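Below is one structure, written out as structure tokens; comments come after it.
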Amino acid sequence: MTAFKSDFLNILSERGFIHQCSDFEGLDALAARGEAIAYVGYDCTAPSLHIGNYLTMMMLHWLQASGNKPITLMGGGTTMVGDPSGKDESRAIRSIAEIEANKASIRGVFSKVLRYGAGPTDAIMLDNAEWLTKLNWIEMLRDVGRHFSVNRMLTMDSVRLRLEREQEMSFIEFNYMVCQAYDFVELARRTGCRLQMGGSDQWGNIVNGVDLGRRMGTPPLFALTTPLLTTASGAKMGKTAQGAVWLNADQFSPYDFWQYWRNVEDADVVKFLKLFTVLPMAEIEKLGALKGSEINEAKKALATEATALLHGREAANTAAETARQTFEEGAIAETLPTVEISSGELEAGAGVLTLFVKAGLVASNGEARRQIKGGGLRVNDTAVTDEKMVLTRSSLTPEGVIKLSMGKKKHVLLKPA
RNA sequence: GGGAGAGUGUCCCGAGUGGCAAAGGGGGCGGACUGUAAAUCCGCUGGCUUACGCCUUCGUAGGUUCGAGUCCUACCUCUCCCA
């Protein structure tokens with residue numbers, strides 16, 4: 001496992017980050033000298049990044065930890081174009097205002113795992129809108145466009161798959177790869193950046209940049225990608241009932257984040273410990289040796305460590321403690337998600353259906369009815385059998401709340417206000 | 001500009017002869033079994049309603065019909081072929 005000279009590649013390799021690399025030897029030598037300046041681009045397609053992006057953020061983290069310099073590139077410009085990779089249909093073209101808003105909302109998350117500053121290994125943040133929006137069409141065609149073979153572009157997965165499925169692909173999307181390739185060259189010139197990393201679906205785009213660099217006279221550039229994140233049962237990772245697993249706390253609370261990791265499949269625990277925590281390998285091996293139900297201890301470690309890294313140690317411990325009280329003691333943890341209801345409403349008596357809807361556990365009265373029929377709803381840990389049940393002050397627990405649950409995992413406290 | 005085809009339950013795929021709240025999957029949710037796991041089995045998966053039932057849904061808008069996802073007309077969007 002220690003085939004590399006550089007700490008950077010050794011760490012990535014033993015933790016399972018590496019899928020493909022354009023030139024291991026060259027990159028290894030560069031990183032061993034602490035001269036690897038590397039970037040990952042993040043498109044501003046949503047107000048928050050998700051755990052798929054987290055993987056590449058962790059690569060930047062290890063890059064920095066091993067004495068090299070990371071660059072986070074906001075795709076302010078490329079998002080205006082839209083990446084066709086892995087998409088069956090054209091992405092809706094986003095408004096400039098939306099992109100700007102997303103950009104502002106995303107950028108804060110990087111400082112959780114990277115140290116920014118002006119030092120030699122401090123991270124820097126750039127935005128490709130800075131140069132892409134200023135390009136001149138004809139100049140661009142003459143300087144950059146002539147290096148692109150349309151024949152080859154047509155064979156790239158992102159394009160070929162679309163064509164094979166007879167799905168339309170517009171010219172603007174066709175140019176996404178040109179923009180991304182140009183970014184790499186621009187960064188190489190501006191900052192001495194030599195390496196671009198990304199998900200395996202970005203391989204084609206990244207390699208294009210490597211080629212373009214050679215033709216346009218930059219020093220040799222390198223490409224490095226991560227494997228596609230899947231769960232042991234083969235599903236794409238990061239999707240839950242609520243949607244994606246977002247990194248921003250206001251879209252996916254630390255408690256939910258903790259729960260997400262706590263509920264991963266057994267077979268994934270070690271893999272995720274390596275990818276999503278900074279626990280030492282020896283520690284991970286110890287956790288990985290656990291068998292049967294002891295694996296739950298490893299899952300708790302995974303949940304707490306991953307949450308601590310992103311949301312801070314305190315939030316992680318709170319989430320862990322909330323879970324412990326709720327699941328292991330069956331007690332009511334004050335820190336569970338809470339919804340306020342007016343005391344007047346409670347005084348008059350409120351129907352269970354309405355309350356479950358209000359708590360956000362079900363989407364409609366109808367769904368509440370169905371869940372009651374299936375035995376899925378509980379009030380203060382007692383199954384609801386009568387959909388006409390009315391809750392009043394007398395339903396309050398000694399703690400002064402009403403605990404509503406759907407299934408075994410979702411709980412909300414109602415608090416009179 | 002001409003020709004051919006397609007748009008179905010707001011998660012996705014996808015059947016659909018004029019009587020359809022609309023087959024079947026996948027996904028999701030809930031239950032049982034467990035370890036807050038996986039696998040398996042069972043139930044649910046448009047809204048309102050205690051209920052009979054009512055309302056809203058098949059690209060959009062009209063029309064024919066007792067009755068339209070299904071027939072007709074116009075329009076919109078997409079794909080392919082020709083120019």
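Please read all numbers here as calculations on a predicted model, not as lab measurements.
Taking the side chain of A:Ile295 as heavy atoms from C-beta on, and the options B:U36, B:G47, B:G35, the nearest nucleotide is B:G35. Side chain of A:Arg262, nearest nucleotide from B:A37, B:U36, B:G30: B:U36.
Look at the P atom in both B:C29 and B:A37: the space between them is 12 Å, to the nearest Å. Between B:G69 and B:U60, the two C1' atoms lie 15 Å apart (nearest whole Å). Nucleotides B:A22 and B:C75, compared at atom P, are 34 Å apart to the nearest Å. Comparing the same atom, C1', in B:C55 and in B:G59 gives a spacing of 22 Å after rounding to whole Å.
Salt-bridge formation is detected for the pair A:Arg152/A:Asp211: a Lys NZ or Arg NE/NH1/NH2 atom is positioned less than 4.0 Å from an Asp or Glu carboxylate oxygen. Here A:Glu367 does not pair with A:Arg370 in a salt bridge; the nearest charged N to carboxylate O distance is not below 4.0 Å. A:Lys300 has a carboxylate O that lies under 4.0 Å from a charged side-chain N of A:Glu297, or vice versa, which qualifies the two as a salt bridge.
You'll find a donor-acceptor pair under 3.5 Å spanning the side chain of A:Asp266 and the base of B:G35, going by distance alone. In terms of polar N and O atoms assigned as donor or acceptor, the side chain of A:Gln259 comes within less than 3.5 Å of the base of B:U36 in a complementary pairing.
RNA chain B is contacted by both A:Ser364 and A:Phe327; A:Phe327 maps to the nucleotide lying nearer its 5′ end (nearest heavy atom per residue).
Side-chain nitrogen and oxygen atoms of A:Lys410 include none within less than 4.0 Å of the OP1 or OP2 phosphate oxygen of B:G28. One finds a side-chain N or O of A:Arg369 lying less than 4.0 angstrom from the OP1 or OP2 phosphate oxygen of B:U50. Dashed line: the shortest gap from a side-chain N or O of A:Asn365 to OP1 or OP2 of B:G47 is not under 4.0 Å.
Figure legend. B:A15 is base-paired to no nucleotide; pairs are counted as Watson-Crick or G-U wobble with both atom distances under 3.5 Å. If you check B:A6 for Watson-Crick or wobble pairing at under 3.5 angstrom, you find it paired to B:U77. Checking B:G67 for Watson-Crick or G-U wobble geometry (two distances, each under 3.5 Å) identifies no partner in any strand. When both pairing distances are held under 3.5 Å, B:G27 makes a Watson-Crick or G-U pair with B:U45. For B:U40, the paired nucleotide is B:A32, the pair qualifying as Watson-Crick or G-U wobble because both relevant distances are below 3.5 Å.
Taking the ring centroids of A:His311 and A:Phe252, they lie at or beyond the 6.0 Å cut-off.
Counting heavy atoms from C-beta on, the side chains of A:His411 and A:Phe327 come closer than 4.5 Å.
Nucleotide B:U36 holds its P atom 9 Å from the NZ atom of A:Lys299, rounded to whole Å.
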